[in-house]
Amino acid sequence: QVLLVESGGGSVQAGGSLRLSCAASGSTYSSYCMGWFRQAPGQEREGVAVINSDGSTSYADSVKGRFTISRDNAKNTLYLQMNSLKPEDTAMYYCAAPYPIYGGSCPGFRRADFLYWGQGTQVTVSS
């Protein structure tokens, strides 16, 4: 069982920055793939970034070069640094962990492969 709690969302102007955090419970956190997803009103939840247990990362094309996912295994915390924010980044952001079968290797951005979800934190970017 993995419990995830996000924080750090807020309202910023375009071009600004935010850092999201996700506190994870469970002694096996360091061995899990972790990811960030987002969902805008009326749209499907989409993958933003994932990080394997070895620290390797993957990003959605829409955020490459602007967002950075990282993890601090000593603190059981996942981060998403978001720079050069755009109005189209406005969404509820969720951290997630996949089904245990995937272990430390992320299965990509398919929502159905992720079992554990946080409650979400809202990010609003104004133009």
Side-chain angles (χ1 to χ4, degrees):
Q1 183 72 20
V2 178
L3 180 63
L4 305 172
V5 179
E6 303 96 335
S7 61
S11 298
V12 295
Q13 290 192 326
S17 299
L18 282 173
R19 188 175 82 154
L20 307 183
S21 299
C22 173
S25 67
S27 60
T28 59
Y29 163 80
S30 62
S31 63
Y32 270 83
C33 156
M34 296 292 297
W36 286 99
F37 287 71
R38 67 185 181 187
Q39 187 168 16
Q43 297 188 21
E44 294 290 318
R45 192 171 298 186
E46 62 175 2
V48 174
V50 293
I51 183 166
N52 295 305
S53 59
D54 65 0
S56 57
T57 59
S58 294
Y59 296 91
D61 288 343
S62 59
V63 306
K64 280 182 182 176
R66 300 188 298 122
F67 290 11
T68 302
I69 188 172
S70 63
R71 64 194 302 164
D72 185 334
N73 290 336
K75 296 182 178 180
N76 276 17
T77 303
L78 177 73
Y79 301 101
L80 185 68
Q81 178 66 44
M82 305 185 295
N83 299 328
S84 302
L85 282 161
K86 304 175 181 180
E88 51 263 44
D89 294 318
T90 295
M92 186 72 79
Y93 283 71
Y94 300 89
C95 68
Y99 284 86
I101 189 173
Y102 292 108
S105 298
C106 295
F109 295 128
R110 201 163 71 111
R111 177 182 177 180
D113 292 327
F114 286 76
L115 174 62
Y116 302 106
W117 296 88
Q119 83 288 350
T121 186
Q122 178 68 37
V123 172
T124 302
V125 184
S126 57
S127 57

*Once you round to the nearest 0.5 Å, how far does OG1 of Thr121 lie from CE of Met92?*
7.5 Å
*Of the non-hydrogen atoms in Ser58 and Phe109, which two are nearest, and what is the gap between them?*
O-CZ, 3.7 Å
_Closest non-hydrogen atom pair between Pro100 and Leu115, with its separation_ = CD-CD2, 4.1 Å
*To the nearest 0.5 Å, what is the distance between OG1 (Thr57) and CZ (Phe67)?*
14.0 Å
*Rounded to the nearest 0.5 Å, what's the gap from SG on Cys22 to OH on Tyr93? Could you check?*
15.0 Å
*Distance from Glu6 atom CD to Cys95 atom SG, nearest 0.5 Å?*
4.0 Å
*Gap separating the OG atom of Ser31 from the CG atom of Asp54, nearest 0.5 angstrom*: 12.0 Å
*When clusters are formed by joining ILVMFWY residues with side-chain heavy atoms under 4.5 Å apart, either directly or through shared neighbours, do Tyr79 and Ile51 land in the same one?*
no
*Would Ser62 and Arg38 satisfy side-chain contact (heavy atoms from CB on, under 4.5 Å), going step by step from the backbone distance to the final call?*
CA-CA 12 Å; Ser62 59; Arg38 67 185 181 187; 3.4 Å; yes
*For Ser126 against Pro87, the heavy-atom pair lying closest together*: C-CG, 4.5 Å
_Considering all heavy atoms, the nearest Arg66-Leu85 contact_ = NH1-CA, 3.9 Å
*Salt-bridge present (Lys64, Asp61; N to O < 4.0 Å)*: yes
*Go through Tyr59 and Thr68 one step at a time and tell me if the side-chain contact (heavy atoms from CB on, under 4.5 Å) criterion holds.*
CA-CA 8 Å; Tyr59 296 91; Thr68 302; 3.8 Å; yes
_Ser105 versus Asn52, side-chain donor and acceptor atoms under 3.5 Å_ = no
*asked:* Check whether Ser25 reaches the backbone of Leu3 with its side chain - one donor and one acceptor, N or O, closer than 3.5 Å.
replied: yes
*Test applied, ring pair (Phe, Tyr, Trp, His ring centres under 6.0 Å); reference residue, Phe114; option that passes from Tyr94, Tyr99, Phe37, Tyr102*: Phe37
*If every non-hydrogen atom of Ser17 is compared with every non-hydrogen atom of Gln81, which pair is closest and at what distance?*
CB-NE2, 4.0 Å
*Start with the C-alpha distance between Leu4 and Leu78, add both sets of side-chain angles, then the distance that settles side-chain contact (heavy atoms from CB on, under 4.5 Å), and finish with yes or no.*
CA-CA 10 Å; Leu4 305 172; Leu78 177 73; over 6 Å; no
*Take Met82 and Val12, measure what side-chain contact (heavy atoms from CB on, under 4.5 Å) needs, and give me the verdict at the end.*
CA-CA 11 Å; Met82 305 185 295; Val12 295; over 6 Å; no
*Is it possible for you to say whether Leu20 and Val50 belong to one hydrophobic cluster, with membership spreading through side-chain heavy-atom contacts below 4.5 Å?*
no
*Determine the sole option in Thr124, Val123, Val125 for which the side-chain contact (heavy atoms from CB on, under 4.5 Å) test with Leu18 is passed.*
Val123
*Closest heavy-atom pair and its distance - Ser127, Ala14*: CA-CB, 4.3 Å
_How long is the straight-line distance from CD of Gln39 back to CD of Glu44, given to the nearest 0.5 Å?_
7.0 Å
